[in-house]
Protein chains: 2
Amino acid sequence: MTRALLMSSSRMGNMNYLEHADEQIHRLLQHKKQNILFIPYAAVTFSFDKFEAIVQPVFRALGYELKSIHHFSDPISAVQEAQAIAIGGGNTFALLKRLYDAKIVDVISQRVKQDGVPYMGWSAGSNVATPTIRTTNDMPIVQPPSFNSLNISPFQINPHFISGKPVGHNGESREERLNEFLTINPTEELIALYEGTALFIENEQGTILGDQNALWLRGPDKIEEITTNQPFRLDMIKGA
Amino acid sequence: MTRALLMSSSRMGNMNYLEHADEQIHRLLQHKKQNILFIPYAAVTFSFDKFEAIVQPVFRALGYELKSIHHFSDPISAVQEAQAIAIGGGNTFALLKRLYDAKIVDVISQRVKQDGVPYMGWSAGSNVATPTIRTTNDMPIVQPPSFNSLNISPFQINPHFISGKPVGHNGESREERLNEFLTINPTEELIALYEGTALFIENEQGTILGDQNALWLRGPDKIEEITTNQPFRLDMIKGA
């Protein structure tokens with residue numbers, strides 16, 4: 001009975017924080033009054049208080065209350081009592097390490113997949129919602145005990161998808177990086193999400209939300225598109 | 001008695017593979033006839049044979065023989081007998097995992113730092129030469145047992161340094177990523193190397209090689225330059 005909104009990014013173009021996502025968030029939370037537990041662990045260069053102060057007004061304007069987990073003395077019971085869970089973007093490695101440190105990886109997963117608690121994540125918060133963090137774009141600034149993560153989506157997602165690389169630079173393009181993933185993990189496929197788009201999960205069904213189609217990477221240089229706003233079966237995409 | 005050449009990249013601008021690095025390589029290997037052990041483990045989307053076929057002619061033209069480790073039945077004894085070691089670029093996580101799988105992390109480190117065997121690496125091959133792979137730009141496509149690596153350089157290096165990010169994209173810039181590293185690891189500093197430049201290590205001394213200065217990142221937004229071709233003491237830079 002999973003319900004999850006996995007967003008590529010907190011921003012689209014020059015819009016404000018989550019401004020593009022109002023309807024996506026309402027679709028998940030269904031205009032019901034509820035208390036959202038916010039997990040700000042991906043923040044590295046600014047405080048958890050600051051992160052909450054950015055996110056809270058966005059949700060309040062949409063009619064939802066939100067409180068950050070760092071105000072609770074016991075993070076595990078905070079997750080156990082949450083009516084909805086939101087994990088914000090930042091650094092995926094810091095986020096996952098802190099989820100493990102707080103011992104809430106399994107309990108979040110259970111709440112979402114067994115109890116049907118709505119989950120929303122953006123950027124790093126979407127990366128940790130997949131089986132592992134192997135398709136994050138972030139720098140591995142700290143070492144989590146494992147790359148295994150929440151497994152709310154049964155397959156990997158690459159958020160902030162952008163094609164190509166800067167002119168004159170010899171680092172890998174995003175396509176080259178994802179081809180590496182698909183080559184070394186040949187039994188898996190993944191979805192790449194342009195900024196402003198999201199994967200909406202409802203039980204066994206997925207829907208791409210936003211103005212652009214998603215890319216379904218089925219193997220090295222084997223790319224199909226998934227049309228936005230058209231439901232598909234999640235098991236169409238090969239997971240971990 | 002460490003001697004190491006840690007290059008930012010295999011290419012500079014539109015030049016051919018390692019073409020910019022002829023003098024840097026001669027400075028390390030001193031025009032002495034020797035057999036270089038090549039470690040192609042960072043290659044993911046092409047074979048080890050192919051990687052050797054790209055690199056071998058470059059070194060042959062400079063007067064050095066090179067053979068890839070995948071031709072040896074025992075990788076540990078190949079390292080133990082090597083007269084010089086070269087590790088090529090590609091994916092840092094795949095590279096480090098395969099070094100651990102082959103059980104040669106400690107033995108390479110020992111050969112270079114205790115026996116004085118010359119080491120050269122570029123891109124991923126420079127990332128693994130630092131204390132850990134926490135400042136790689138690569139995607140974590142596979143999970144190595146640890147982020148700890150060869151520790152030939154006593155501090156972290158960020159190769160392929162490039163400033164900024166694509167216009168209109170909301171992912172982090174390189175500076176933002178490195179600021180995250182410096183914030184969450186406040187006792188450490190690091191060096192960022194533009195493409196075409198390298199850190200040359202000779203015992204306790206470092207020298208930046210190439211046309212551009214290196215950036216010495218001493219903390220979030222606390223950047224100094226290290227002038228190219230001017231020796232400095234390695235312990236000037238705070239390591240892990």
Side-chain angles (χ1 to χ4, degrees), chain A residues 8-15 17 42-46 89-94 97 123 127 132-144 146-148 156 158-166 168-172 174 176-185 194-196 220-221, chain B residues 8-15 17 42-46 89-94 97 123 127 132-144 146-148 156 158-166 168-172 174 176-185 194-196 220-221:
Chain A
S8 174
S9 56
S10 59
R11 294 176 191 271
M12 182 171 71
N14 293 319
M15 294 176 83
Y17 206 85
V44 174
T45 54
F46 53 99
N91 183 281
T92 304
F93 292 88
K97 180 173 190 305
S123 191
N127 277 309
T132 76
I133 60 166
R134 286 170 299 153
T135 49
T136 178
N137 308 307
D138 295 342
M139 188 170 275
I141 56 170
V142 290
Q143 184 185 331
S146 165
F147 285 3
N148 292 336
Q156 297 293 128
N158 180 246
H160 291 285
F161 183 79
I162 184 171
S163 184
K165 59 183 169 185
H169 191 66
N170 292 300
E172 292 85 4
R174 186 69 59 82
E176 287 166 340
R177 292 169 193 275
L178 294 171
N179 275 347
E180 287 183 344
F181 174 85
L182 294 160
T183 304
I184 210 162
N185 299 289
Y194 289 101
E195 292 190 341
D221 295 321
Chain B
S8 174
S9 56
S10 59
R11 293 175 192 272
M12 182 172 71
N14 293 318
M15 294 176 82
Y17 206 87
V44 174
T45 56
F46 53 99
N91 183 280
T92 303
F93 293 88
K97 181 174 191 305
S123 191
N127 278 308
T132 77
I133 61 168
R134 286 170 298 153
T135 49
T136 178
N137 308 306
D138 295 342
M139 187 171 276
I141 56 171
V142 290
Q143 185 185 331
S146 166
F147 285 3
N148 292 336
Q156 296 294 128
N158 180 247
H160 291 285
F161 182 78
I162 184 171
S163 185
K165 59 183 169 184
H169 190 66
N170 292 301
E172 293 85 4
R174 185 69 60 82
E176 288 167 342
R177 293 169 192 277
L178 294 172
N179 275 347
E180 287 183 344
F181 174 85
L182 294 161
T183 303
I184 210 162
N185 300 290
Y194 288 101
E195 293 191 340
D221 295 322

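Sequence lines set the chain letters: A, B, ... in the order given, protein chains first and strands last, and positions in each chain run from 1. Computed from heavy atoms alone, side chains included, the values below leave out hydrogens, waters and symmetry copies.
Contact of A/L182 with chain B is not made at all, since no heavy-atom distance falls under 4.5 Å. Within the 4.5 angstrom heavy-atom criterion, only backbone atoms of B/F161 (N, CA, C, O) approach chain A. Interface residue A/T45: backbone and side-chain heavy atoms are both found under 4.5 Å from chain B. Contacts of B/N158 with chain A are made by side-chain atoms alone, with heavy-atom separations under 4.5 Å and no backbone atom involved. The part of A/E172 that comes within reach of chain B is its side chain, from C-beta onward, which places non-hydrogen atoms under 4.5 angstrom from that chain. Of the atoms belonging to B/P166, it is side-chain heavy atoms, and not backbone ones, that fall under 4.5 Å from chain A. In this structure, the portions of A/S146 lying under 4.5 Å from any heavy atom of chain B include both its backbone and its side chain.
In summary, of the residues considered (A/H160, A/R11, A/E195), a side-chain hydrogen bond (donor to acceptor under 3.5 Å, both in side chains) with B/N170 occurs for A/E195 alone.
Options B/T132, B/D138, B/N14 differ in how many heavy-atom pairs under 4.5 Å they form with chain A, and the most are formed by B/D138. When the candidates A/Q156, A/R177, A/H169 are compared by the number of heavy-atom contacts under 4.5 Å with chain B, A/H169 comes out ahead. In terms of non-hydrogen atom pairs under 4.5 Å with chain A, the most contact-rich of B/N185, B/V142, B/L178 is B/V142. Most heavy-atom pairs under 4.5 Å with chain A: of the set B/P220, B/G13, B/G168, this distinction falls to B/G13.
A pairwise comparison of heavy atoms in A/V44 and B/I184 identifies CG1-CB, 4.0 Å as the closest pair. Here the shortest heavy-atom pairing between B/E180 and A/N91 reads OE1-ND2, 3.1 Å.
The side-chain heavy atoms of B/M139 and A/N137, taken from C-beta on, include a pair separated by under 4.5 Å. Side-chain atoms of A/P140 and B/T136, non-hydrogen and from C-beta on, do get closer than 4.5 Å to each other.
Classification of the B/F147-A/F93 ring pair by plane angle, with boundaries at 30° and 60°, yields perpendicular.
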